[in-house]
Amino acid sequence: FKEMSCGPYPDKYEKIVKDYLHKILFDPYSIQDLKITKPEKQAVLRYNKYECGYVSSVSFNAKNRMGGYVGVKQYYVVIEYNNIIIFERE
């Protein structure tokens with residue numbers, strides 16, 4: 001694990017996550033209660049092999065296609081070389 005390269009620490013992880021959310025959410029301007037934890041370097045299983053990444057927990061509330069808020073949902077993200085490579089529900 002120590003010899004695996006995750007790239008540089010994502011100092012701008014909050015911007016990386018916010019930019020990603022703006023790309024994938026139906027109404028990114030409706031985001032409320034956004035919380036992003038400081039990423040920690042971890043080995044993650046991806047495509048049946050371990051890779052290195054910076055893992056962060058992300059939670060927020062946003063509107064769905066019907067215009068209603070869905071409630072706060074929790075996700076985890078894995079950042080590698082300042083790009084999100086995994087975004088999944090916890």
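We number each residue from 1, following the sequence as shown.
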Legend entry - N/O donor-acceptor pair under 3.5 Å between Tyr69 side chain and Asn64 backbone: no
Inset, instruction - Using side chain to side chain donor-acceptor pair (under 3.5 Å) as the criterion, list what pairs up with Ser30, not counting sequence neighbours. - result: none
Inset, instruction - Decide yes or no for Leu34 and Val58: does some side-chain heavy atom of the first lie under 4.5 Å from some side-chain heavy atom of the second? - result: yes
Legend entry - Heavy-atom closest contact (Cys6 atom, Gly53 atom, distance): SG-N, 3.3 Å
Inset, instruction - State, yes or no, whether a side-chain contact exists between Ile84 and Val78 at a heavy-atom distance under 4.5 Å. - result: no
Legend entry - Non-hydrogen atoms of Pro10 and Pro39 that approach each other most closely: CG-CG, 4.1 Å
Inset, instruction - Kindly write out the residues that satisfy side chain to side chain donor-acceptor pair (under 3.5 Å) with Ser57, not counting sequence neighbours, or none if the list is empty. - result: Glu90
Legend entry - Beyond-backbone contact of Val17 with Phe87, side-chain heavy atoms, under 4.5 angstrom: no
Inset, instruction - Work out which heavy atom in Phe60 is nearest to a heavy atom in Ile31; give both atom names and the distance. - result: CB-CG2, 4.0 Å
Legend entry - Residue that, paired with Ile16, satisfies side chain to side chain contact (heavy atoms under 4.5 Å, CB included) out of Leu21, Asn82, Ile36, Val77: Asn82
Legend entry - Close side-chain approach of Pro8 and Tyr81, heavy atoms under 4.5 Å: yes
Legend entry - With Tyr29 via ring pair (Phe, Tyr, Trp, His ring centres under 6.0 Å) - residues at least two apart: His22
Legend entry - Sequence neighbours excluded, every pair satisfying salt bridge (Lys or Arg N to Asp or Glu O under 4.0 Å) that has a member inside residues 18-40: Lys15-Asp19
Inset, instruction - Flag yes if Tyr75 and Ile86 sit in one hydrophobic cluster, no otherwise; membership is Ile, Leu, Val, Met, Phe, Trp, Tyr, and two members link when side-chain heavy atoms are under 4.5 Å apart. - result: no
Legend entry - Qualifying salt bridge (Lys or Arg N to Asp or Glu O under 4.0 Å) pairs with a residue from residues 53-81, counting only residues at least two apart or across chains: none
Inset, instruction - Say whether, by atom type as modelled, one donor and one acceptor occur between the side chain of Tyr54 and the main chain of Gly7 under 3.5 angstrom. - result: yes
Inset, instruction - Would you kindly confirm whether Ile85 and Tyr9 end up in one hydrophobic cluster when ILVMFWY residues are joined by side chain heavy atoms under 4.5 Å apart? - result: no
Legend entry - Results of side chain to side chain donor-acceptor pair (under 3.5 Å) for Tyr76 - residues two or more places apart only: Glu88
Legend entry - Heavy-atom closest pair, residues Pro28 and Leu25: CD-O, 3.4 Å
Legend entry - Chi angles and distances behind the side-chain contact (heavy atoms from CB on, under 4.5 Å) call for Tyr13, Ile79: CA-CA 8 Å; Tyr13 64 92; Ile79 301 170; 4.0 Å; yes
Inset, instruction - Tell me whether Met66 is reachable from Phe26 by hopping between hydrophobic residues (I, L, V, M, F, W, Y) whose side-chain heavy atoms are closer than 4.5 Å. - result: no
